[in-house]
K.L.:
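Attaching a single structure in structure tokens format; questions to follow.
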Amino acid sequence: MADAVMSEEQKFSLKEVLDTFQSCLTENKEVKIDQYVAGWRGLVRFMNSLGSVFSFISKDAVSKIQIMVNHRNGENGAQYTTIQSMVKYELDNGLVDLTKRGSFPESGCRTLLRLHRALRWLELFLERLRTSTEDGKTSVMCSEAYNESLAQFHPWIIRKASGVAFCALPGRPTFFEVMNVGPPEQVVAMLGDALPLISEVYQLTQDLYSQHNLLDIP
């Protein structure tokens with residue numbers, strides 16, 4: 001029974017991720033950290049449901065999620081309500097290592113940047129899945145998305161291992177099955193709803209980080 005409950009909790013739900021990212025933005029287009037983290041938990045479940053192929057990314061995402069949760073639960077948690085309030089608070093108080101890693105390796109700005117980069121990879125990959133044919137090669141889609149996003153931030157050894165891992169990806173029907181939505185056309189439709197929301201959250205974060213010269217935090 002416990003195993004059944006656990007597997008249910010760990011099961012990925014595309015609808016859940018859609019709802020979470022939909023509730024991510026305030027009226028002023030600020031990105032709420034609690035919902036951002038919840039959306040990432042769903043994306044981790046998606047990666048984990050496909051086996052160990054994505055473990056090098058999902059494990060890192062889990063550790064980054066925990067750091068963000070720690071900030072939210074800490075004594076200055078109110079400063080971490082949105083990504084915008086976090087950036088202002090940490091920059092105003094000199095809590096970000098801007099040029100080299102030093103006193104603040106777990107700053108919220110640095111931690112969220114790593115999730116932000118990975119979100120771009122997932123967005124690109126899911127968009128390829130959405131628009132591909134049934135017999136499209138997921139290994140190619142995933143590699144292309146990775147090369148356009150995360151690869152530039154990874155050392156050669158990780159890039160090489162990633163390329164090998166992606167070759168073991170299941171076909172498009174398996175990806176659609178783990179999304180727990182229904183027939184392929186419903187998955188495609190829901191991805192069509194979800195991806196613009198993920199893209200908007202990504203772009204707002206990208207613009208904010210660019211504005212404050214935070215895109216290259218070491």
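If you read the sequence from its start, that first residue is 1, and numbering goes on from there. Just so it is clear, the model here is predicted, and its values are computed rather than measured.
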K.L.:
Which atom pair, heavy atoms only, marks the closest approach of Tyr80 to Gly108?
P.N.:
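Closest heavy-atom pair between Tyr80 and Gly108: CE2-CA, 4.3 Å.
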
K.L.:
Strictly distance-based, threshold 3.5 Å: is any side-chain N or O of Arg130 a donor or acceptor partner for the main-chain N or O of Gly192?
P.N.:
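The answer is no, because no donor-acceptor pair under 3.5 Å joins these two groups.
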
K.L.:
What are the two closest non-hydrogen atoms of Leu191 and Pro196, and how far apart are they?
P.N.:
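Minimum heavy-atom contact is O-CD, 4.2 Å.
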
K.L.:
Got a donor-acceptor contact below 3.5 angstrom from the Asp97 side chain to the Phe104 backbone?
P.N.:
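Looks like yes, one N/O pair under 3.5 Å.
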
K.L.:
Could you check if a side-chain atom of Phe46 sits within less than 4.5 angstrom of a side-chain atom of Val17, using non-hydrogen atoms only?
P.N.:
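Side chain of Phe46 against side chain of Val17, heavy atoms only: no contact under 4.5 Å found.
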
K.L.:
Is the count of non-hydrogen atoms from other residues, nucleotides or ligands lying under 6.0 Å from Glu185 atom CD greater than 12?
P.N.:
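Yes, the 6.0 Å shell around CD holds more than 12 heavy atoms from other groups.
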
K.L.:
Using the test salt bridge (charged side-chain N to carboxylate O under 4.0 Å, His left out), find all partners of Lys15 that sit at least two apart in sequence or belong to another chain.
P.N.:
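Once residues adjacent in sequence are excluded, the partners of Lys15 under the salt bridge (charged side-chain N to carboxylate O under 4.0 Å, His left out) criterion are Asp19.
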
K.L.:
Is it the case that the side chain of Ser143 and the backbone of Val140 share a donor-acceptor pair, with hydrogens and angles ignored and the cut-off at 3.5 Å?
P.N.:
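Absent.
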
K.L.:
Met86 versus Thr111: any side-chain heavy-atom pair under 4.5 Å?
P.N.:
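Sidechains of Thr111 and Met86: no contact.
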
K.L.:
For Trp40 and Leu115, which heavy atoms make the closest approach, and how far apart are they?
P.N.:
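That closest heavy-atom pairing would be CZ2-O, 3.3 Å.
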
K.L.:
Can you tell me how far OG of Ser63 sits from NZ of Lys59, rounded to the nearest 0.5 angstrom?
P.N.:
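Taking NZ in Lys59 and OG in Ser63, the distance rounds to 11.0 Å.
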
K.L.:
Rounded at 0.5 Å granularity, tell me how far OG1 in Thr174 sits from CG in Leu169.
P.N.:
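One finds 10.0 Å between OG1 of Thr174 and CG of Leu169.
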
K.L.:
What's the separation between atom CD1 in Ile33 and atom CD in Gln84, rounded to the nearest 0.5 Å?
P.N.:
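That separation rounds to 8.5 Å.
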
K.L.:
Can you find a heavy atom in the side chain of Leu122 that is under 4.5 Å from one in the side chain of Ile198?
P.N.:
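Contact flag for Leu122/Ile198 side chains = no.
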
K.L.:
I'd like to know whether the aromatic ring centres of Phe125 and Phe166 sit less than 6.0 Å apart in this structure.
P.N.:
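No, they do not, as the ring centres are separated by 6.0 Å or more.
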
K.L.:
May I have the step-by-step check of side-chain contact (heavy atoms from CB on, under 4.5 Å) for Asn76 and Asn93, ending in yes or no?
P.N.:
CA-CA 12 Å; Asn76 296 306; Asn93 290 277; over 6 Å; no

K.L.:
Mind checking the OG1-CD spacing from Thr20 to Glu16? Nearest 0.5 Å is all I need.
P.N.:
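Taking OG1 in Thr20 and CD in Glu16, the distance rounds to 5.5 Å.
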
K.L.:
List the steps and the verdict of side-chain contact (heavy atoms from CB on, under 4.5 Å) for Leu50 and Val178.
P.N.:
CA-CA 8 Å; Leu50 292 159; Val178 303; 4.2 Å; yes

K.L.:
For Leu119 and Thr205, run side-chain contact (heavy atoms from CB on, under 4.5 Å): C-alpha distance rounded to whole Å, both residues' side-chain angles, the deciding distance at 0.1 Å, then the answer.
P.N.:
CA-CA 11 Å; Leu119 187 65; Thr205 308; over 6 Å; no

K.L.:
Sub-3.5 Å donor-acceptor pair from the side chain of Lys32 to the main-chain atoms of Ser23, do we have one?
P.N.:
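A pair under 3.5 Å: yes.
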
K.L.:
Transitively linked via ILVMFWY side-chain contacts under 4.5 Å: Leu95 with Leu215?
P.N.:
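Yes, because Leu95 and Leu215 connect within a single hydrophobic cluster, where side-chain heavy atoms sit under 4.5 Å apart.
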
K.L.:
Just so I know, are the side chains of Asp92 and Gln79 near enough to count as touching, which here means a heavy-atom distance under 4.5 Å?
P.N.:
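Heavy-atom side-chain distance check fails, nothing below 4.5 Å.
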
K.L.:
Donor-acceptor pair, distance only, cut-off 3.5 Å: does the side chain of Arg72 make one with the backbone of Gly77?
P.N.:
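It does hold such a pair.
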
K.L.:
State yes or no: are the ring centers of Phe54 and Trp121 separated by less than 6.0 Å?
P.N.:
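Under 6.0 Å, so yes.
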
K.L.:
At what distance, to the nearest 0.5 angstrom, does SG of Cys109 lie from NE2 of His116?
P.N.:
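It comes to 12.0 Å.
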
K.L.:
If you apply the rule side-chain contact (heavy atoms from CB on, under 4.5 Å), what do you find for Phe12 with Asn48, and how did you get there?
P.N.:
CA-CA 9 Å; Phe12 173 71; Asn48 288 344; over 6 Å; no

K.L.:
Which pair of heavy atoms, one from Ile57 and one from Ala118, lies closest together, and at what distance?
P.N.:
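The answer is CG2-CB, 4.5 Å.
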
K.L.:
Should Cys24 and Val31 count as side-chain neighbours, where that means a heavy-atom distance under 4.5 Å?
P.N.:
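Yes, side chains in contact.
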
K.L.:
Less than 3.5 Å apart, any donor N or O on the side chain of Thr82 or Ser85 sitting next to an acceptor on the other?
P.N.:
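Yes.
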
K.L.:
Hydrophobic clustering (ILVMFWY, side-chain heavy atoms < 4.5 Å, transitive) - are Ile67 and Val62 grouped together?
P.N.:
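Shared cluster, no.
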
K.L.:
Around atom CD of Gln186, are there more than 12 heavy atoms of other residues, nucleotides or ligands at under 6.0 Å?
P.N.:
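Yes, CD of Gln186 has more than 12 neighbouring heavy atoms, counting only those of other groups under 6.0 Å.
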
K.L.:
Pairing donors with acceptors under 3.5 angstrom, does anything connect the side chains of Gln211 and Asp207?
P.N.:
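Their side chains do not contain a donor-acceptor pair, so the 3.5 Å distance test is not met.
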
K.L.:
Flag the pair His212 / Glu90 as yes when at least one side-chain heavy-atom distance between them is below 4.5 Å, and no otherwise.
P.N.:
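With C-beta onward as the side chain, the pair stays apart.
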
K.L.:
Picking from Val96, Leu113, Leu112, what satisfies side-chain contact (heavy atoms from CB on, under 4.5 Å) with Ser107?
P.N.:
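Testing each of Val96, Leu113, Leu112 against Ser107, the sole residue satisfying side-chain contact (heavy atoms from CB on, under 4.5 Å) is Val96.
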
K.L.:
Could you state whether Phe21 and Val69 fall into the same hydrophobic cluster, counting links through intermediate Ile, Leu, Val, Met, Phe, Trp or Tyr residues with side-chain heavy atoms under 4.5 angstrom apart?
P.N.:
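Shared cluster, yes.
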
K.L.:
Would you say Tyr89 ends up clustered with Leu214 if hydrophobic residues are merged whenever their side chains have heavy atoms under 4.5 Å apart, either directly or through other cluster members?
P.N.:
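Yes, it is one cluster - the side chains of Leu214 and Tyr89 are joined through contacts under 4.5 Å.
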
K.L.:
What's the shortest heavy-atom distance between Leu124 and Ala145, and which atoms?
P.N.:
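Smallest heavy-atom distance, with atoms named: CB-CB, 3.7 Å.
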
K.L.:
Looking at Asn147, is its backbone amide N or carbonyl O close enough to the side chain of Arg159 to form a donor-acceptor pair, meaning the two atoms are under 3.5 Å apart?
P.N.:
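No; zero donor-acceptor contacts below 3.5 Å.
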
K.L.:
Report yes if some heavy atom in the side chain of Tyr202 is under 4.5 Å from a heavy atom in the side chain of Glu123; otherwise report no.
P.N.:
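Side-chain contact under 4.5 Å: yes.
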
K.L.:
Would Trp156 end up clustered with Tyr146 when hydrophobic side chains under 4.5 Å apart are linked, directly or stepwise?
P.N.:
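Trp156 and Tyr146: one cluster.
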
K.L.:
Which pair of heavy atoms, one from Leu129 and one from Phe176, lies closest together, and at what distance?
P.N.:
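So the two residues come closest at O-CZ, 3.8 Å.
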
K.L.:
For Lys64, does its backbone N or O pair with a side-chain atom of Arg114 as donor and acceptor, under 3.5 Å?
P.N.:
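Between the backbone of Lys64 and the side chain of Arg114 there is no qualifying donor-acceptor contact (under 3.5 Å).
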
K.L.:
State, with a plain yes or no, whether a side-chain heavy atom of Thr138 is found less than 4.5 Å away from one of Met141.
P.N.:
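Yes. Closest side-chain heavy atoms under 4.5 Å.
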
K.L.:
With distance as the sole test, does Ser210 use its side chain to make a donor-acceptor pair with the main-chain N or O of Gln206 at under 3.5 Å?
P.N.:
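Checked: no pair found.
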
K.L.:
CD1 of Ile158 to CG of Leu150: how many Å apart, nearest 0.5 Å?
P.N.:
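If we round to the nearest 0.5 Å, Ile158:CD1 and Leu150:CG are 10.0 Å apart.
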
